[in-house]
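These notes are about the structure you will find just below.
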Amino acid sequence: MTVAADSATGAASLVQSVDWLAIAPPVIAASVALLVLVADLFVEERRKPLLGYGAVAGLVAALAMLVPLRAGDRSTFCLTGAVQACSYTADHFALVIQALVLGGALLTALLSIGDTSKLPAGEFWFLLLSSAAGAALLPAARDLATLVVALEVASLPAFALVGIKRGDRRSSEAALKFFLSSVVATAVMLLGVSFVYAATGTMHLTEIAARLDDVPGQLSTLAEAGVVLTLVGFAFKTAAAPFHFWVPDTYVGAPLPIAAYLSVVGKAVGFSGIVLVTVIAFPSYADVWGPALAVLAALTMTVGNLAALRQSATRARSAVRLLAWSSVGQAGYLLVPIAAAYSSDAQIGSTVAYALMYAVVNLGAFAVAALVARTHPGNRLGDYRGLYATRPLAALAMGFFLLCLAGLPPGIIGLFAKVTVFSSAVDAGLGWLAVVMAVNVVIALYYYLQWTAALFRTPEPSPASDEAPAAPVHRVPAPVTLAIALTAVAGITLSGAPQLILRFATLSLF
């Protein structure tokens, strides 16, 4: 009887309770994805647009579930023994990034409604929601297994979304490049994760941090290799140079809303992973990853901005290419506070603040690009000349977004965010990196201001081309207008009250 009772007690101690409220945001996104896929089997073709509105409702519900979690003190899937470690933690860092990725997915969905007539609707919305669910899971992951699974759940649907335009050679080529680069990144990262596990014997990030301080001498090389390879894998995901080569072709070949999604949500996923493994799992190796990330940051911002300068106004899809290279340059800025975190993890707040600013204004820029693409499918930079004469509000919004990215008034939030990132480098003793960043900000001013000025110039007659005839202005779907309005209002609000996001730079998020 005693043995049976002890066995029952031991079995009970292995049962983990699930905090359903804590995991509600990614679960809702995943559940709605399945519902949309099943509903697609029964919905008539003329009612397919309803699936898009269902996806939007699901993302709004997932965002709403962040409100009761705002205290940031919930964890679940925790070990029941003497070791106190959890696999899922809804702390402030996780909640802010979840708000960013779900909000980004929501704006992507708004841009996609009315633009999926030539795409398989059910599959499109299922893939978008599935990727959003993985992206929402990743910042809350606190063990390597959950981290890898969340990363792949976010990435695998994205491959299909990039190549979802059937019969489009450019789309297929973009998806192939994206897939091959991501597979290499995943393979390298998994090798690094396996080395870390072999050296420490645990998957939980907090336990890894404790055990890396006392790795036996014969395993120290293995542990160091694991740290480096894991970071290299995430560098691919964030499009940090020299692992950025897939970005321009992927953005150009993908449907424009998906390019916007990758530029914001894809980057948020990669940067979240880097933050988690460096600050939580590998703090004892800060002397290794700190300088490495600083070099990557300098190289990434320089490569991105110099490539953006080379974009021709008459080249097809040059507007999307410029936004793609701009996003590479912005990734360099986002890496600066993470590199500075080798001295103090308080610097991570600067990356979060900058990421929030970048997400709002970059999605807004892509929203205007999606609007222009409806009348100019070539989406050349030259197509934006004189936009103010035909679409004054869209031109004003685009000018504001570009000035925010450049860090110039009236885009006050862009200026303040850059100053915050610059300060993090100076405070960490990375003066050389601050100088490189300052030079790159000046370089970026040229192409951002050139594009902004073109919006208000006298329009020129377009040369004869094989583009489709211009569509009437009144045919622009209301969701696209709503996406532009939301991002514009958010950007203006943040410029008027920058403390709304800059306060994250002074808070402890973990």
Side-chain angles (χ1 to χ4, degrees), residues 93 141-144 147-148 151 184-244 270-303 331-351 421 424-434 436-437 509-510:
F93 174 79
R142 292 299 181 270
D143 69 60
L144 291 176
L147 197 64
V148 171
L151 185 63
V184 172
T186 300
V188 171
M189 183 177 59
L190 286 175
L191 183 62
V193 166
S194 66
F195 284 177
V196 171
Y197 177 70
T200 61
T202 182
M203 284 286 190
H204 288 87
L205 302 184
T206 52
E207 288 299 299
I208 290 172
R211 298 186 189 186
L212 280 178
D213 284 331
D214 193 26
V215 173
Q218 65 270 29
L219 295 178
S220 60
T221 302
L222 187 68
E224 291 173 359
V227 170
V228 172
L229 291 175
T230 302
L231 291 177
V232 168
F234 278 111
F236 270 96
K237 301 293 185 180
T238 57
F243 314 113
H244 66 286
F271 281 104
S272 298
I274 289 181
V275 168
L276 292 176
V277 296
T278 54
V279 174
I280 297 182
F282 305 149
S284 56
Y285 283 81
D287 58 336
V288 175
W289 54 258
L293 290 179
V295 172
L296 279 180
L299 182 61
T300 301
M301 66 178 75
T302 303
V303 168
Y333 304 149
L334 286 164
L335 278 171
V336 171
I338 305 178
Y342 80 94
S343 61
S344 170
D345 60 9
Q347 306 288 358
I348 294 301
S350 297
T351 285
V421 170
S424 70
V426 174
D427 293 343
L430 296 173
W432 68 270
L433 184 57
V436 172
M437 179 181 172
L509 299 175
F510 294 104

Roughly how far, to the nearest 0.5 Å, is [atom2] of [Y] from [atom1] of [X]?
X    : Y    : atom1 : atom2 : result
R142 : E207 : CZ    : CD    : 14.5 Å
F282 : L231 : CZ    : CG    : 6.5 Å
E224 : L219 : CD    : CG    : 11.5 Å
L296 : I274 : CG    : CD1   : 8.0 Å

Do [X] and [Y] come within less than 4.5 Å of each other through their side chains, counting heavy atoms only?
X    : Y    : answer
S272 : V275 : no
L293 : Y342 : no
L144 : I208 : yes
T186 : K237 : yes
D143 : L205 : no
F234 : L147 : yes

Shortest non-hydrogen contact between [X] and [Y], atoms and distance:
X    : Y    : result
L335 : A240 : CD1-CB, 4.0 Å
A225 : F195 : CB-CD1, 4.0 Å
S284 : D213 : CB-OD1, 2.9 Å
V279 : A341 : CG2-CB, 4.3 Å
T230 : G192 : OG1-C, 3.3 Å
V188 : L229 : CG1-O, 3.4 Å

Begin from the C-alpha positions of V184 and F243 and carry the test side-chain contact (heavy atoms from CB on, under 4.5 Å) through to its verdict.
CA-CA 10 Å; V184 172; F243 314 113; over 6 Å; no

Check step by step if side-chain contact (heavy atoms from CB on, under 4.5 Å) holds for L334 and T238.
CA-CA 10 Å; L334 286 164; T238 57; over 6 Å; no

Apply the test side-chain contact (heavy atoms from CB on, under 4.5 Å) to residues V336 and L430: give CA-CA distance (whole Å), side-chain angles for both, the deciding distance (0.1 Å), then the verdict.
CA-CA 9 Å; V336 171; L430 296 173; 6.0 Å; no

For the side chain of T300 and the backbone of A241, is there at least one donor-acceptor N/O pair under 3.5 Å apart?
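Answer holds: yes.
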
Mark yes or no for whether S194, through its side chain, and L191, through its backbone, hold a donor-acceptor pair below 3.5 Å.
yes

Please check if atom CG in D214 has more than 12 non-hydrogen atoms from other residues, nucleotides or ligands closer than 6.0 Å.
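Check fails, neighbour count at 12 or below.
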
Apply side-chain contact (heavy atoms from CB on, under 4.5 Å) to residues V228 and Y285 and explain how you reach the verdict.
CA-CA 10 Å; V228 172; Y285 283 81; over 6 Å; no

